[in-house]
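Input: a single structure, listed below in structure tokens.
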Protein chains: 2
Amino acid sequence: MFKKWMTVLSKCALFRGINPEELNIVLACLNPKVSSYDKNESVTVFGEKFSGLGVVLAGEVVVVKDNAAGNRVIMAVNGPGEMFGEMAAFSEDGVWPATVVARGACTVMLLPAGKIVGSCERSCGSHKMLITNMLIIVSDKALMLHRKVEYLAIRSMRGKISTFLLEQYKRTGKDTFMMPLKRNELADFLNVSRPSLSREMSRMRDEGVIDFHRDSIKIKQVDVLRSMAG
Amino acid sequence: MFKKWMTVLSKCALFRGINPEELNIVLACLNPKVSSYDKNESVTVFGEKFSGLGVVLAGEVVVVKDNAAGNRVIMAVNGPGEMFGEMAAFSEDGVWPATVVARGACTVMLLPAGKIVGSCERSCGSHKMLITNMLIIVSDKALMLHRKVEYLAIRSMRGKISTFLLEQYKRTGKDTFMMPLKRNELADFLNVSRPSLSREMSRMRDEGVIDFHRDSIKIKQVDVLRSMAG
DNA sequence: TGCTTTTGGTAACCGTGGCTACCGTTTTTA
DNA sequence: TAAAAACGGTAGCCACGGTTACCAAAAGCA
């Protein structure tokens, strides 16, 4: 039944430590719903009734939040095997805390939240593992948000840009790399305006700290960048 | 042994649904460490080795984060029965993601993280409950951070102030209430400078939207405030 | 009780960064 | 392959809010 998605699901953090045979049993237990979406189609809408823990099976989704002023903040970009709605799954109000939009054609699986904590009728042994995995996942999510808060708490734009670039530098281990976000998306992520971001990056280029062309970026003075990060 | 703290602990979300006799057994299992601190003393320091899940027994602690630029951001204020370090408890790196400072004289309990998920030798039945509680707690924490991100994502100071006041208004249900934070702390929380905050609040008072004197504040035009929140 | 510390309001100055507008380039779609 | 849409850099304008400095009131402490 879920044979098609086994490879992806085995990579999903929720099912870590559960072997294929058990996974099949657990999935039958959880009774998930698989749906496909086109580009820019809404998978979930902020404030609507919570429909279940999401797992991306194919394609990519973007988790966004619109504040009333009309600014769209990108919370995350999730690919195959990644999840969304982990936090809402165990909240009381039972509504989506964010909007999830298909970044391109994609397929997602929605798991009813109650089934995860609720004790299984057939008392399948992987349920405890599932809950423990869930705990780790939500903790990681919380830490990610913690990091996000740190980003937003940086007052100056230079600080934000420098911090972001240094994180990429550390992640890739190279001083020349591709930006994982378009200017628009980066501006959203750093919570600044797009033209101001361009201007500041250009200034940094003029000063010889970095060099870039479109998506390709090169860090020329790591130490200077570090001093600007805070 | 923990008789002195039973009243507080029974109110702690971690032990919800566990009756006093079981609580004693569970506590013995967890082997917690109780310590006292003076005002402004550090309970935990950012980056240092994780020492365990914290529970405030008496007094208050402030969870803060200093960014390298020297700005101190208040993450939370925790009183008796409240916890800190929930996220770090299940992260890999095993260091404190924030600094916790005693707001006044206080007593806290530290629970070794491993003991919570690790299966109990005496296989005491409340362990599953403990893990489930932990899941709910961490989810709530994540949602709280989510809300925090929303606050920080608000561009204008007016928007921040309005949002904060409306939240208090909703919480107390009254249009006149006491500010739960000093100006200093509020400025930190909203991530703005203290004089700018005072100035903006004075402007709002001049415009007749609000009225205030020190800690006491009155909302005069809720609808206008709402339109300013975003 | 007087002294010190903390807290909060106000004012002047000015830099960062938001906004709008425009244009060239790249990518997508028909 | 032409038309349309998305993307990214640049420029000018100016307001929001950071910074510093100072003072008054309140609270803590001797």
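Note on naming: letters A, B, ... go to the chains in the order of the sequence lines (proteins, then strands), and numbering restarts at 1 for each one.
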Examine distances only and state if a side-chain atom of S227(A) and a backbone atom of V224(A) form a donor-acceptor pair shorter than 3.5 Å.
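Checked: pair present.
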Generate the contact string for nucleotides 23-30 of chain C. Rules: B means base contact, S means sugar-phosphate contact only, - means no protein heavy atom under 4.0 Å.
-BB-----
Is there any protein nitrogen or oxygen under 3.5 Å from a nitrogen or oxygen in nucleotides 11-18 of chain D, and what are the pairs?
residue : atom : partner : partner atom : Å
dG17(D) : OP1  : M157(B) : N            : 2.3
dG17(D) : N7   : R199(B) : NH1          : 3.4
dG18(D) : OP2  : S193(B) : N            : 3.2
dG18(D) : OP2  : S193(B) : OG           : 3.1
dG18(D) : OP2  : S196(B) : OG           : 2.9
dG18(D) : N7   : S196(B) : OG           : 3.1
dG18(D) : N7   : R199(B) : NH2          : 3.0
dG18(D) : O6   : R199(B) : NH1          : 2.9
dG18(D) : O6   : R199(B) : NH2          : 3.3

Looking at M83(A), E82(A), M109(A), which hits side-chain contact (heavy atoms from CB on, under 4.5 Å) with C12(A)?
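Passing option: M83(A).
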Quick one, which residues of residues 204-211 of chain A touch DNA chain C with a heavy atom under 4.0 Å?
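Within this stretch, nothing sits under 4.0 Å of the strand.
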Tell me every residue that passes ring-ring contact (aromatic ring centres under 6.0 Å, His included) with F50(B), counting only those two or more places apart in sequence or in another chain.
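F50(B) satisfies ring-ring contact (aromatic ring centres under 6.0 Å, His included) with W96(B) only.
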Identify the two heavy atoms, one from [X] and one from [Y], that lie closest to each other, and give their separation to 0.1 Å.
X	Y	value
M201(A)	F212(A)	O-CE2, 3.4 Å
S193(A)	A187(A)	C-CB, 4.1 Å
M228(A)	S162(A)	CB-OG, 3.5 Å

What side-chain hydrogen bond (donor to acceptor under 3.5 Å, both in side chains) pairs are there with at least one residue in residues 169-182 of chain A, not counting sequence neighbours?
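Non-adjacent pairs meeting side-chain hydrogen bond (donor to acceptor under 3.5 Å, both in side chains): Q168(A)-R171(A).
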With each end axis built from five pairs of C1' atoms, what bend angle do you get for the helix from dG2(C)-dC29(D) to dA30(C)-dT1(D)? Round to 10°.
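The helix from dG2(C)-dC29(D) to dA30(C)-dT1(D) shows an end-to-end axis angle of 60°.
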Which of the following nucleotides, dG9(D), dT7(C), dG9(C), is nearest to the side chain of N184(B)?
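The answer is dT7(C).
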With R199(A) via side chain to side chain donor-acceptor pair (under 3.5 Å) - residues at least two apart
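Per chain and number, R199(A) pairs via side chain to side chain donor-acceptor pair (under 3.5 Å) with S196(A).
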R158(A): partners by side chain to side chain donor-acceptor pair (under 3.5 Å), with sequence neighbours left out:
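Partners of R158(A) by the side chain to side chain donor-acceptor pair (under 3.5 Å) criterion, ordered by chain and then number, come out as E200(A), E207(A).
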Rounded to the nearest angstrom, tell me the gap between atom [atom1] in [X] and atom [atom2] in [N].
X	N	atom1	atom2	answer
R183(B)	dA24(D)	CZ	C1'	15 Å
F212(B)	dT10(C)	CZ	C1'	11 Å
D188(A)	dG8(D)	CG	P	12 Å
M179(B)	dG9(C)	CE	C1'	14 Å
D215(B)	dG8(C)	CG	P	7 Å
K182(B)	dT6(C)	NZ	C1'	9 Å

Residue list, side chain to side chain contact (heavy atoms under 4.5 Å, CB included) with T7(A), at least two apart or on another chain:
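Once residues adjacent in sequence are excluded, the partners of T7(A) under the side chain to side chain contact (heavy atoms under 4.5 Å, CB included) criterion are K11(A).
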Holding to salt bridge (charged side-chain N to carboxylate O under 4.0 Å, His left out), I want the full list of residues that pass it with K141(A), two or more places apart in sequence or in another chain.
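Expected list: E86(A).
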Can I get a per-line list of side-chain donor-acceptor pairs under 3.5 Å for residues 34-47 of chain A, giving both atom names and the distance, sequence neighbours left out?
residue : atom : partner : partner atom : Å
S36(A)  : OG   : T107(A) : OG1          : 3.0
E41(A)  : OE1  : D38(A)  : N            : 2.7
T44(A)  : OG1  : A98(A)  : O            : 3.4
T44(A)  : OG1  : V100(A) : N            : 3.2

Sequence neighbours left out, what pairs pass salt bridge (charged side-chain N to carboxylate O under 4.0 Å, His left out) with at least one residue falling in residues 43-58 of chain A?
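Every candidate salt bridge (charged side-chain N to carboxylate O under 4.0 Å, His left out) pair involving residues 43-58 of chain A fails, so no pair, neighbours aside, qualifies.
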